[in-house]
2 protein chains.
Amino acid sequence: MSPTGATATGSIARPATAFAVLGGLRQADMNHIRSFWRNVVRYTAGAIVYAGRGSAGRRIIIISGWACETRILSDGRRQIFSFLLPGDAIDLARMSGVGSRAVMALTRLEVIDADIVAASQAHGDQDVAAAVAQALHQREDRMFDHMVRIGRLTAKERVLNLLLEFYDRLDAVGLTKGDTFRIPLTQEVFADTLGLSNVHINRTLQQLRRDGMIVLRAGSVTLHDRERLAQLACYEPDDHEQDGRFDSLRPQ
Amino acid sequence: MSPTGATATGSIARPATAFAVLGGLRQADMNHIRSFWRNVVRYTAGAIVYAGRGSAGRRIIIISGWACETRILSDGRRQIFSFLLPGDAIDLARMSGVGSRAVMALTRLEVIDADIVAASQAHGDQDVAAAVAQALHQREDRMFDHMVRIGRLTAKERVLNLLLEFYDRLDAVGLTKGDTFRIPLTQEVFADTLGLSNVHINRTLQQLRRDGMIVLRAGSVTLHDRERLAQLACYEPDDHEQDGRFDSLRPQ
DNA sequence: CGAGACTTTGACCGTAGTCAATTTATGTGG
DNA sequence: CCACATAAATTGACTACGGTCAAAGTCTCG
């Protein structure tokens with residue numbers, strides 16, 4: 001393991017693992033994807049993702065795992081700006097890590113250079129570059145939702161709203177099972193995301209559990225009646241246009 | 001005045017007014033700018049700025065006045081995402097105004113199509129298109145500062161931090177006089193920007209005045225000892241690289 | 001001068017923060 | 001598989017920051 005937590009993946013890696021998140025693939029796609037195999041870069045949880053590590057360039061696609069964009073103030077306070085889930089893309093330009101902004105792996109993370117993928121337009125009629133551009137746009141759109149969350153919603157609304165966003169995003173890449181999905185976040189991460197203290201997050205979650213609005217245990221969440229929850233949490237999926245995430249690699 | 005609040009400026013408008021904010025100009029620049037004259041679009045305070053109104057396109061440059069990006073929730077809560085000051089540029093694409101996002105004039109506003117200006121590279125060695133692109137980037141960078149503000153700072157810090165940002169931005173285009181600048185915002189706008197109630201904004205401002213940290217009256221603010229204030233407000237101007245605002249029209 | 005928009009004030013409430021201790025996972029080496 | 005170390009979740013007691021409601025005072029501008 002390199003000191004930065006990043007490792008270029010050798011031929012040891014098993015395709016089935018890294019790309020499983022993108023769903024079952026047609027044989028043609030599989031062949032196409034295998035060609036990227038040695039371009040996948042891995043990070044350990046807690047690692048900072050820099051541009052240029054391994055074979056990852058400035059624009060990257062998340063293959064598996066969760067990451068976040070964050071800033072840490074000199075006095076220790078931390079704010080998380082956004083989350084990066086499988087199928088998301090981000091431009092690492094101007095990420096400095098210092099007082100400014102950094103992308104941090106929240107779990108083990110697999111990443112690939114977006115330009116390498118885009119350069120080979122072999123699979124289907126999809127325009128990979130366009131899909132990446134769309135993913136970048138959606139990230140920006142979500143940023144506004146997030147500002148509303150921390151600026152104008154109550155603690156309960158913030159938590160629900162965020163969980164609903166996670167559901168929709170994960171569902172779009174096949175990472176939900178019915179109303180349930182896995183969520184690898186500590187309560188402290190929730191706190192630093194939603195502008196609350198970890199203690200208050202804890203109490204809010206318990207309240208939501210007691211009210212039967214969510215089921216949350218052992219790293220997985222279940223959201224029954226999302227329609228109603230969305231109402232309660234001011235969650236208005238602006239129909240963020242088409243789904244622009246990088247699932248052009250998924251079965252048609 | 002059109003129903004939307006937008007009017008295309010005819011030849012009646014006086015150059016000296018609209019472009020005064022960009023500072024005194026060399027004779028060559030003045031001539032160049034005169035050619036844009038009929039492309040300036042005006043809005044009244046409170047008007048929504050849409051792409052395509054008058055001669056303004058998708059990417060616009062603020063010539064004079066203040067505007068903001070905002071969203072209004074169905075229950076009336078409002079969040080302001082960013083402010084647009086003279087010299088700033090913004091891409092109006094995907095501004096819907098409805099539940100999503102809108103640009104609203106906070107004062108009388110003068111705007112010009114960025115592409116029209118960029119199309120004529122006559123003045124100096126500056127690359128206008130690059131300056132506009134930079135301005136767009138800076139807007140994004142400031143968005144992160146803003147998330148930290150509403151997510152992690154106290155009320156007092158939020159207010160100071162925002163005022164310091166205004167100072168730096170206005171100073172960059174010559175709109176400060178010593179430690180003082182004009183600020184056309186109501187306390188309610190502050191509230192909806194900083195995620196606080198208007199009443200609390202009022203009390204916070206009074207507190208800051210009593211502590212002698214700011215002077216605020218009749219629409220103008222004075223910030224003495226900004227170094228100290230920056231310290232207190234976690235204001236860390238990340239040295240947002242070069243100054244990429246649209247002041248390439250200003251004297252060299 | 002009057003209307004409407006903004007600001008200011010007071011009283012009171014409630015959400016969320018802080019500090020500190022305890023319990024419960026999680027994980028690691030033996 | 002157990003023992004220990006560490007991280008994470010939970011709880012209680014107390015505080016305080018910020019919200020709400022309602023009334024009164026100011027300012028602007030036609």
Side-chain angles (χ1 to χ4, degrees), chain A residues 1 44-46 66 73 75-79 104-108 149-162 182-211 214-221 232-233, chain B residues 1 44-46 66 73 75-79 104-108 149-162 182-211 214-221 232-233:
Chain A
M1 197 62 56
T44 55
W66 288 46
L73 304 185
D75 63 6
R77 281 179 286 189
R78 179 174 71 156
Q79 177 65 48
M104 189 180 80
L106 292 168
T107 65
R108 261 182 303 188
R149 235 175 248 142
I150 60 184
R152 279 300 177 222
L153 302 193
T154 66
K156 217 179 292 188
E157 288 171 330
R158 292 182 208 192
V159 171
L160 278 181
N161 192 299
L162 183 61
R182 311 223 82 239
I183 186 170
L185 307 181
T186 67
Q187 296 185 355
E188 194 176 351
V189 168
F190 270 96
D192 290 339
T193 301
L194 298 175
L196 300 164
S197 70
N198 57 344
V199 174
H200 197 64
I201 286 289
N202 183 283
R203 294 186 163 127
T204 303
L205 288 174
Q206 290 179 57
Q207 187 65 52
L208 290 173
R209 276 189 282 234
R210 239 177 286 125
D211 297 347
I214 68 174
V215 180
L216 167 54
R217 28 177 270 284
S220 75
V221 192
L232 292 170
Chain B
M1 200 63 57
T44 54
W66 289 46
L73 304 186
D75 63 6
R77 281 180 285 189
R78 179 174 73 156
Q79 177 64 49
M104 188 179 82
L106 293 169
T107 65
R108 261 181 303 186
R149 233 174 252 143
I150 60 185
R152 279 301 178 222
L153 301 192
T154 66
K156 217 179 292 188
E157 289 171 331
R158 292 182 207 190
V159 172
L160 278 181
N161 191 298
L162 183 62
R182 308 223 86 238
I183 186 170
L185 306 181
T186 68
Q187 296 184 356
E188 193 176 353
V189 168
F190 270 96
D192 290 340
T193 301
L194 298 175
L196 300 164
S197 69
N198 57 345
V199 175
H200 197 63
I201 286 289
N202 182 282
R203 293 187 162 125
T204 302
L205 288 174
Q206 289 181 58
Q207 187 65 52
L208 290 173
R209 277 189 280 232
R210 238 176 288 124
D211 297 348
I214 68 174
V215 178
L216 167 56
R217 26 176 271 284
S220 75
V221 192
L232 293 170

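Numbered from 1 within each chain, the chains take letters A, B, ... in sequence-line order. Predicted model, so just to flag it, every value in this text is computed and none were measured.
Atom CZ in Phe190(A) sits roughly 14 Å away from atom C1' in dA8(D) (whole-Å rounding). Across the protein-nucleic acid pair, Gln187(A) atom CD and dT11(D) atom P stand 10 Å apart, rounded to whole Å. At whole-Å resolution of the value, CG in Leu153(B) and C1' in dG18(D) are 15 Å apart. In this structure, CZ of Arg152(A) is placed 13 Å from P of dA16(C), rounded to the nearest angstrom. Taking atom CG on Leu205(A) and atom P on dA8(D), their separation rounds to 15 Å, with Å as the unit. Going from atom NE2 of His200(B) over to atom P of dG19(D) covers 6 Å, rounded to whole Å. If you take CD1 of Ile201(A) and C1' of dA8(D), they are 14 Å apart, rounded to a whole angstrom. Note: CZ (Arg77(B)) to P (dG19(D)) measures 12 Å, nearest angstrom.
Residues Arg78(A) and Leu73(A) form no side-chain contact, since every pair of their non-hydrogen atoms from C-beta on lies 4.5 Å or further apart.
Checked against dA16(C), dT10(D), dG19(D), the side chain of Arg209(A) finds its nearest nucleotide in dT10(D). Closest to the Arg203(A) side chain, of the nucleotides dC6(C), dT18(C), dG10(C), is dT18(C). Of the candidate nucleotides dA9(D), dG10(C), dG17(C), dG10(C) has the atom lying nearest to any side-chain atom of Val199(B). Closest approach to the Asn202(A) side chain among dT10(D), dG17(C), dT8(C) is made by dT10(D) (side chain taken as heavy atoms from C-beta onward).
Checked options Leu160(A), Val159(A), Leu194(A); the residue passing with Thr204(A) is Val159(A) (criterion: side chain to side chain contact (heavy atoms under 4.5 Å, CB included)).
Residue Arg210(B) is classed as having no contact, given no heavy-atom separation below 4.0 Å to the nucleic acid. Using a 4.0 Å heavy-atom distance criterion, Ser197(B) is classed as a base contact. When heavy atoms are screened at a 4.0 angstrom cut-off, Thr154(B) is found touching the sugar-phosphate backbone but no base atom.
Both Gly195(B) and Ala218(B) lie close to DNA chain D; mapped to their nearest nucleotides by heavy-atom distance, the more 5′-ward contact belongs to Gly195(B). If Leu196(A) and Asn198(B) are placed on DNA chain C by their nearest nucleotide, the residue sitting closer to the 5' end is Asn198(B).
Formation of a donor-acceptor pair under 3.5 Å by the Arg77(B) side chain with backbone atoms of Arg152(A) is found in this model.
At dT11(D), one or more side-chain N or O atoms of Gln206(A) fall inside 4.0 Å of OP1 or OP2 (strictly under the cut-off).
Here CG of Leu185(A) is found 9.5 Å from OG1 of Thr107(A). Values are rounded to the nearest 0.5 Å.
With no hydrogens or angles considered, a side-chain donor-acceptor pair links Gln207(A) and Arg210(A) at under 3.5 Å.
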